[in-house]
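Here is the structure we will look at, set down as structure tokens.
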Amino acid sequence: MPGPAITPLRTPGRAPRVLTIDAEDWFHVCGDDYYSDPRRWDSFPSRFDRTFTDLLDRLDRGGHRATIFFLGWIAARHPGLVREAARRGHEIALHGDLHRRADELTPEEFRADLRRAADRVEKAAGVRAELHRAAEWSIRSPEDPALAILAAEGFRADASMTSMPPLGRAGNPLGPHRVETAAGPLIEIPPLTGRGFGRRVPAGGSWGFRTLSPAKLAAAEAHYRDVGHPAVFTFHPWEFDSESPPMDGLPPVTRLVLFAGRRALPARFDAWLAQDRCVSLGEALAELQVA
Ligand SMILES: [Zn+2]
């Protein structure tokens, strides 16, 4: 069966720098027998309030706007912080309910998790989210059935698909594109990637942002923006937390991804913010045209 039709999109002229934040707590990792079990989450000491508020304060100082993907689970426990993010002018979006990987859920489970998250975030924010990001870039390719579910549930855009193996398929578009799903069109807007260690790496967030040289990051960002691809950056409140629990039981590779370069991140992030103004995904989407 042929895949869905895809239409490449671009920003006319130079594309913006887009800031996104996945609003989750330090224990929201995927695929770990201990930490990923939601029945345990209420017993962990939450650090979300202070880390998230600190991040909002950093953005206020430069007048930056972000799209904030909230877990429904977080919105149910911190509704005041969802409202506070909206009050400060940020765009409220969805990161699912229980931080489950989309490619590990049946279509029915994915829809149920999405609806529960949408209801919890709407209850907190007073607005229905229209933008979505799955946990760990887990919408793998344009054929993924999750995209049609998102379109059917009223979402207009998704930011879950990368072209970096093994997370996404290498042939996925680097830039934004419209996918004609069985339930209608959905815009997919991939994260910024760059070249490092001889391969494509996640320049726009996580350990890529924390460990690539500032010169490599700047080159990756300039390349995307110059060809009309919004440069989508992604951060998590827990990355900025110097007192986050060490999570000793995790596999060494997972700990490396979660913890490498964290100590230098706050200063590095502030210097990066000072270079240019960040906009939300919604602002970037409004400028997109057929390439
Ligand atoms: Zn996440």
Side-chain angles (χ1 to χ4, degrees), residues 18-32 34-38 40-41 44 46-49 51-52 55-56 66-78 81-82 85 90-105 109-110 113-114 116-118 120-121 124 129 131-140 144 146 150 155 157-162 164 166-168 188-193 202-210 232-241 244-245 247 250-251 253-260 262 265 269 281:
V18 175
L19 178 57
T20 68
I21 293 167
D22 294 352
E24 55 192 49
D25 218 324
W26 60 271
F27 43 83
H28 286 126
V29 295
C30 292
D32 184 70
Y34 184 74
Y35 289 109
S36 305
D37 185 345
R40 234 175 233 119
W41 291 351
F44 292 133
S46 174
R47 308 228 2 120
F48 184 74
D49 194 329
T51 54
F52 185 66
L55 191 46
L56 291 184
T67 296
I68 305 181
F69 294 96
F70 282 94
L71 284 181
W73 189 90
I74 284 283
R77 282 155 184 80
H78 305 274
L81 290 177
V82 183
H90 300 298
E91 183 172 46
I92 306 301
L94 277 201
H95 195 37
D97 193 47
L98 295 179
H99 212 243
R100 304 279 306 276
R101 289 183 56 94
D103 58 354
E104 292 176 354
L105 300 174
E109 288 169 336
F110 178 77
D113 182 87
L114 184 70
R116 186 167 166 83
R120 286 174 143 182
V121 169
L131 309 177
H132 171 265
R133 169 175 292 147
E136 288 192 339
W137 315 105
S138 57
I139 295 182
R140 310 289 292 277
D144 197 307
L150 287 165
F155 287 82
D158 174 75
S160 312
M161 197 191 299
T162 177
M164 273 176 316
L167 298 173
E188 182 64 39
I189 184 158
L192 174 66
T193 60
S206 188
W207 67 270
F209 185 93
R210 286 183 259 126
V232 178
F233 289 81
T234 302
F235 299 91
H236 305 81
W238 46 259
E239 292 181 88
F240 296 83
D241 186 4
S244 170
M247 306 177 84
L250 290 176
V253 172
T254 308
R255 289 195 80 247
L256 182 74
V257 170
L258 292 177
F259 287 92
R262 267 206 213 177
L265 180 63
F269 181 72
L281 263 180

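For ligands, and for the atoms within them, numbers begin at 1 and follow the listed sequence. The analysis underlying the following values was restricted to heavy atoms, covering all of them including side chains, and did not include hydrogens, waters or symmetry mates. Everything numeric in this text was worked out from a predicted model, so none of it was measured.
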May I ask you to decide if the ring planes of [X] and [Y] are parallel, tilted or perpendicular, using 30° and 60° as cut-offs?
X      : Y      : answer
Phe27  : Phe44  : tilted
His78  : Phe48  : tilted
Phe235 : Phe240 : tilted
Phe209 : Phe269 : perpendicular

query = Between the side chains of Thr20 and Thr67, does any donor sit under 3.5 Å from an acceptor?
reply = no

By atom name, which N, O or S atom belonging to [X] lies closest to the Zn ion (ligand 1)?
X     : result
His99 : NE2
His95 : NE2
Glu24 : OE1

request  = Report yes or no: does His236 have an N/O/S atom closer than 2.8 Å to the Zn ion (ligand 1)?
outcome  = no

ask   = From Cys30, does some N, O or S atom reach closer than 2.8 Å to the Zn ion (ligand 1)?
value =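 No, Cys30 does not qualify, because none of its backbone or side-chain N, O or S atoms lies under 2.8 Å.
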
